2 protein chains.
Amino acid sequence: MARIKTEKNGSRKDVIVSKAATLFREKGYKAASMRDLAEAVGVEAASLYNHIKSKSELLHELVFNVANRFVLKMDEIESEPISSLQKMEKLLRFHISEMIHNYEEVYVSDREWKHLSDPYLSNYQNQRRVYRKRIAAIIEEGIRNKEIKAIDAPTVVLIFLHAVSGIESWHRSTKKISAEELEQNMVAILIDGLKANH
Amino acid sequence: MARIKTEKNGSRKDVIVSKAATLFREKGYKAASMRDLAEAVGVEAASLYNHIKSKSELLHELVFNVANRFVLKMDEIESEPISSLQKMEKLLRFHISEMIHNYEEVYVSDREWKHLSDPYLSNYQNQRRVYRKRIAAIIEEGIRNKEIKAIDAPTVVLIFLHAVSGIESWHRSTKKISAEELEQNMVAILIDGLKANH
DNA sequence: GGGAAAAGAACTAACGTTTATTCGTGCTAA
DNA sequence: TTAGCACGAATAAACGTTAGTTCTTTTCCC
């Protein structure tokens with residue numbers, strides 16, 4: 001009867017959620033079974049239910065953890081007295097950093113949120129819509145100030161968000177450049193692509 | 001006993017594969033059941049097996065149809081006597097066009113290939129790796145010719161491919177700009193971001 | 001052209017698995 | 001000693017798929 005080993009200051013539930021993130025990333029939410037998860041945790045499937053309510057709880061825990069971090073950062077950036085282009089760069093760097101250091105959770109949130117069930121699903125979709133509008137607003141401000149070239153803001157948002165999620169491939173690749181180089185390269189391409197031609 | 005209605009010159013299997021693409025996009029491969037698919041087609045689940053061998057056949061049919069189209073276009077572009085930057089622009093426009101006009105299939109191929117089973121899985125992963133290397137080679141040539149700014153080519157590839165897959169959001173959005181505008185905007189940002197500063 | 005034979009495509013019923021989850025019991029750390 | 005936690009066994013529902021049968025369309029010979 002081997003107990004789940006916790007990190008110090010971490011609950012057993014935390015261990016399960018964390019292993020779930022890895023598993024959901026590898027196989028997808030639907031394809032990852034509770035028996036798979038149990039094996040990864042080192043315990044029988046039934047035992048998981050001493051710590052969590054359901055499989056779906058694991059998903060929405062993951063998703064909203066990530067979503068909250070992003071909203072919090074957005075609050076911070078919006079209130080800073082810097083140019084729109086600088087805001088975009090800060091935001092981009094944050095997204096990149098999250099994707100590098102909290103890979104599993106962020107990736108799962110991005111790809112598996114469809115499997116949330118209401119009310120979490122509509123709640124999440126709402127948050128997402130609002131978040132994108134906030135990015136678009138920064139871009140539109142930059143266009144008005146002629147810092148950013150005049151292009152459709154929602155299109156920029158879409159390129160931005162998805163380009164960052166490409167870091168997934170970087171994680172998997174064998175001969176990686178360093179995280180710092182990766183960040184620098186992405187910023188170079190995307191922020192330069194935004195700049196108005198003077 | 002309602003038969004599956006075919007387009008002219010199309011088999012019943014084609015109808016099933018096409019509906020499967022839509023369903024796999026909406027719910028994901030694993031979450032989409034054969035009973036769901038049967039309902040979409042207008043028939044009982046068992047009847048599907050008069051036309052297809054298995055659920056997984058549907059997936060690899062979709063995936064390799066798409067993959068082959070991309071490889072073919074790559075062959076064509078590689079052999080053209082144009083600059084690297086022009087090649088990248090052509091490739092980008094092709095990716096965008098595919099994503100706009102063959103949305104369901106392309107999207108499914110991109111997101112659900114993990115659920116392929118061997119030998120299709122390793123085959124696909126191979127093709128994918130080669131394809132990315134071919135893009136990287138174009139970029140590296142452009143860097144040597146000083147058309148493209150000196151950045152890590154694999155990073156560009158990653159941004160490139162994922163940015164395009166962002167068109168998914170465009171499809172879903174309600175107040176869309178036109179397909180032409182979308183294409184123009186994406187080219188503006190990405191190709192401009194590549195250009196060497198002279 | 002009309003009618004029998006063959007082929008195609010649908011049905012219902014059931015199969016064996018796998019799924020997430022619950023229950024009651026007993027071990028073990030605090 | 002008690003509360004927490006892991007266990008094996010069991011559940012119902014859903015899954016992909018097969019079997020056997022029936023209906024419908026096409027093919028082909030007279």
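Each chain gets a letter, A, B and so on, in the order its sequence line appears, and its residues count up from 1. All values below were derived from every heavy atom in this structure, side-chain atoms included, with hydrogens, water molecules and symmetry-related copies excluded. Computed from a predicted structure; not experimentally measured.
- Remark: C1' of C/dA20 and CG of A/Leu58 are 12 Å apart, rounded to the nearest angstrom.
- Atom NZ in A/Lys53 sits roughly 11 Å away from atom P in C/dT21 (whole-Å rounding).
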Counting primed atoms, P, OP1 and OP2 as sugar-phosphate and everything else as base, the B/S/- map of nucleotides 8-15 of chain D against protein heavy atoms under 4.0 Å is B------B
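- For B/Asp118, the salt bridge (Lys or Arg N to Asp or Glu O under 4.0 Å) criterion is met by no residue, not counting sequence neighbours.
- Between the A/Ser97 side chain and the A/Arg93 main chain, no donor and acceptor come within less than 3.5 Å of each other.
- Considering only side-chain N and O atoms, A/His51 lies nowhere under 4.0 angstrom from the phosphate OP1 or OP2 of D/dG4.
- The stretch residues 12-29 of chain B touches DNA chain C through B/Arg12, each having a heavy atom under 4.0 angstrom from the strand.
- Closest to the B/Arg3 side chain, of the nucleotides C/dA20, D/dT24, C/dC11, is D/dT24.
- Put simply, CD on A/Glu57 is 15 Å from P on C/dA20, counting in whole angstrom units.
- If you take CG of A/Asn50 and P of C/dT21, they are 14 Å apart, rounded to a whole angstrom.
- Applying the salt bridge (Lys or Arg N to Asp or Glu O under 4.0 Å) rule to B/Glu181 yields no partners; only residues at least two apart in sequence or on another chain are considered.
- Look at CG on B/Leu37: it is 10 Å from P on D/dG16, rounded to the nearest Å.
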Determine all donor-acceptor pairs shorter than 3.5 Å in which one atom belongs to a side chain in residues 67-74 of chain B; sequence neighbours excluded.
residue: B/Asn68; atom: ND2; partner: B/Phe64; partner atom: O; Å: 3.1
residue: B/Arg69; atom: NE; partner: B/Glu98; partner atom: OE1; Å: 3.0
residue: B/Arg69; atom: NE; partner: B/Glu98; partner atom: OE2; Å: 3.3
residue: B/Arg69; atom: NH2; partner: B/Glu98; partner atom: OE1; Å: 2.8
residue: B/Lys73; atom: NZ; partner: B/Glu76; partner atom: OE2; Å: 3.3

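- Among the candidates B/Tyr120, B/Tyr29, B/Phe24, B/Trp113, the single residue satisfying the ring pair (Phe, Tyr, Trp, His ring centres under 6.0 Å) test with B/His60 is B/Tyr120.
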Verdict with reasoning, B/Arg132 to B/Leu161, per side chain to side chain contact (heavy atoms under 4.5 Å, CB included): CA-CA 9 Å; B/Arg132 287 180 185 214; B/Leu161 293 177; 3.7 Å; yes
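- The main-chain N or O of A/Ser11 is found under 3.5 Å from a side-chain atom of A/Asp14 such that the two form a donor-acceptor pair.
- When the P atom of D/dA19 is taken as reference, atom OH of B/Tyr49 falls 13 Å away, rounded to whole Å.
- When the salt bridge (Lys or Arg N to Asp or Glu O under 4.0 Å) test is applied to B/Glu112, no partner is found at least two apart in sequence or on another chain.
- Using a 4.0 Å cut-off between charged side-chain N and carboxylate O, B/Glu61 and B/Lys13 make a salt bridge.
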